[in-house]
Amino acid sequence: MKTGIFVGSFNPFTIGHDSIVRRALPLFDRLVIGVVGDNVHKPDMPTVEQRMQPIKELYADEKRIEVKPYYGLAMDFAKAENAQFIVKGVRSVTDFEYEQWQADFNRRLGGIETILLYTEPELASVSSSALRELKHFGVDVSDYIPKKH
């Protein structure tokens, strides 16, 4: 069984994240969305359960997708889920460079391959941090949050 994981803080889960999930799904028998449960760099983040709930609802009808919390390193989560691949989205050269060194460590230390999916051009500016900032200033960001298909 080919299993991939897609990990992130997903604060919030955006239409960009949904695009990556939907484009990655045909590659796997099982795709586990891992929601970071211990991100010490963002102490004011909603709980892992609060961030997981809308993602679970979004994919409730897709039996190949599971949504789980994870703690620690993505490569350890991948091993615990018997995943052979980590799926990552890349929007820019900066994202690519960051993901490149992470992929190298995941492969060297954990034996886990990384699959990079490039963001669709129309979604390149969509990021969770941008949505949080817009929302802070009263902007309606609902068009950037995926709806159940």
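In this text the structure is predicted, and so the values were computed from the model without any measurement. One is the number of the first residue; the rest follow in order along the sequence. These values consider heavy atoms only, across backbone and side chains, with no hydrogens, waters or symmetry-generated copies.
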Who passes side chain to side chain contact (heavy atoms under 4.5 Å, CB included) against D143, sequence neighbours left out?
none

List the steps, then state whether side chain to side chain contact (heavy atoms under 4.5 Å, CB included) holds for I5 with F77.
CA-CA 8 Å; I5 63 166; F77 180 62; 3.7 Å; yes

Check for a donor-acceptor pair, side chain of K148 on one end and backbone N or O of E57 on the other, with a separation under 3.5 Å.
yes

Under 3.5 Å: donor-acceptor pair, side chain of N11, backbone of M45
no

Mind checking whether Y98 and F105 sit in one hydrophobic cluster, side chains of I, L, V, M, F, W, Y counted as touching below 4.5 Å?
yes

What are the two closest non-hydrogen atoms of I112 and A83, and how far apart are they?
CD1-O, 3.5 Å

Distance check, rounded to the nearest 0.5 Å: T14 atom OG1 versus Y144 atom OH?
11.0 Å

Would you say the side-chain atoms of E62 pair up with the backbone N or O of R64, donor to acceptor, closer than 3.5 Å?
yes

Side chains of Q53 and E49: do they bring a donor and an acceptor to under 3.5 Å?
no

Checking W101 against N106 for the side chain to side chain contact (heavy atoms under 4.5 Å, CB included) test, could you report, in this order, the C-alpha distance in whole Å, the side-chain angles of both residues, the deciding distance, and whether it holds?
CA-CA 9 Å; W101 72 258; N106 289 332; over 6 Å; no

Backbone N/O of T114 and side chain of R107: donor-acceptor pair under 3.5 Å
no

In terms of heavy-atom contacts, E81 and V32 come closest through OE1-CG2, 3.9 Å

Kindly indicate, with the supporting measurements, whether the criterion side chain to side chain contact (heavy atoms under 4.5 Å, CB included) is fulfilled by L117 and V87.
CA-CA 7 Å; L117 293 178; V87 176; 4.2 Å; yes

Are Y70 and L73 connected, step by step, through hydrophobic side chains (Ile, Leu, Val, Met, Phe, Trp, Tyr) whose heavy atoms are closer than 4.5 Å?
yes

Taking all heavy atoms of Q84 and all of M1, pick out the closest pair and write down the distance.
NE2-O, 3.5 Å

Locate the shortest heavy-atom distance separating T119 from A124; write the atom from each residue and the value.
CG2-N, 3.7 Å

Minimum heavy-atom distance A130-S125, with the two atoms named:
CB-O, 4.4 Å

Is I55 close to V35 at the side-chain level, that is, under 4.5 Å between some pair of heavy atoms?
yes

Do the side chains of L58 and L25 join up, straight or via other hydrophobic residues, at under 4.5 Å, putting them in one cluster?
yes

Does a side chain donor of either D140 or S142 reach within less than 3.5 Å of an acceptor in the other side chain?
yes

Once rounded to the nearest 0.5 Å, what's the spacing between atom CZ of F6 and atom CD1 of I20?
6.0 Å

Once the angle between the rings of F85 and F28 is folded into 0 to 90°, is it parallel (under 30°), tilted (30 to 60°) or perpendicular (over 60°)?
tilted

What I'd like to find out is whether the side chain of I145 reaches to under 4.5 Å of the side chain of I15, using heavy atoms alone.
no

Would you find a donor on one side and an acceptor on the other, under 3.5 Å apart, between the side chain of S128 and the backbone of P12?
yes

Compare every heavy atom of Y59 with every heavy atom of R22, then report the nearest pair and how far apart it is.
NH2-CE2, 3.6 Å

Let me check something: do V67 and L27 share a hydrophobic cluster, defined by ILVMFWY side-chain heavy atoms less than 4.5 Å apart, either directly or through other members?
yes

Is any side-chain heavy atom of M75 closer than 4.5 Å to a side-chain heavy atom of L109?
yes

Just do the side chain to side chain contact (heavy atoms under 4.5 Å, CB included) check on F10 and I33 with the steps written out, would you?
CA-CA 10 Å; F10 305 126; I33 300 172; 3.6 Å; yes

Following the transitive rule for hydrophobic clusters with a side-chain heavy-atom cut-off under 4.5 Å over Ile, Leu, Val, Met, Phe, Trp and Tyr, establish whether I115 and V7 coincide in one cluster.
no

Excluding sequence neighbours, so at least two apart, what forms ring-ring contact (aromatic ring centres under 6.0 Å, His included) with Y71?
none

Going by atom type alone, with no hydrogens or angles, which donor-acceptor pairs under 3.5 Å involve a side-chain atom of residues 88-95 and a protein atom two or more places apart or on another chain?
residue, atom, partner, partner atom, Å
K88, NZ, E99, OE1, 3.1
K88, NZ, Q102, OE1, 3.2
R91, NE, D95, OD2, 3.2
R91, NH1, V126, O, 3.2
S92, OG, T94, N, 3.4
S92, OG, D95, N, 3.2
D95, OD2, R91, N, 2.9

Between R30 and E66, does at least one N-O distance fall below 4.0 Å, as a salt bridge requires?
yes

Are the side chains of V36 and V48 in touch, meaning some heavy atoms are under 4.5 Å apart?
no

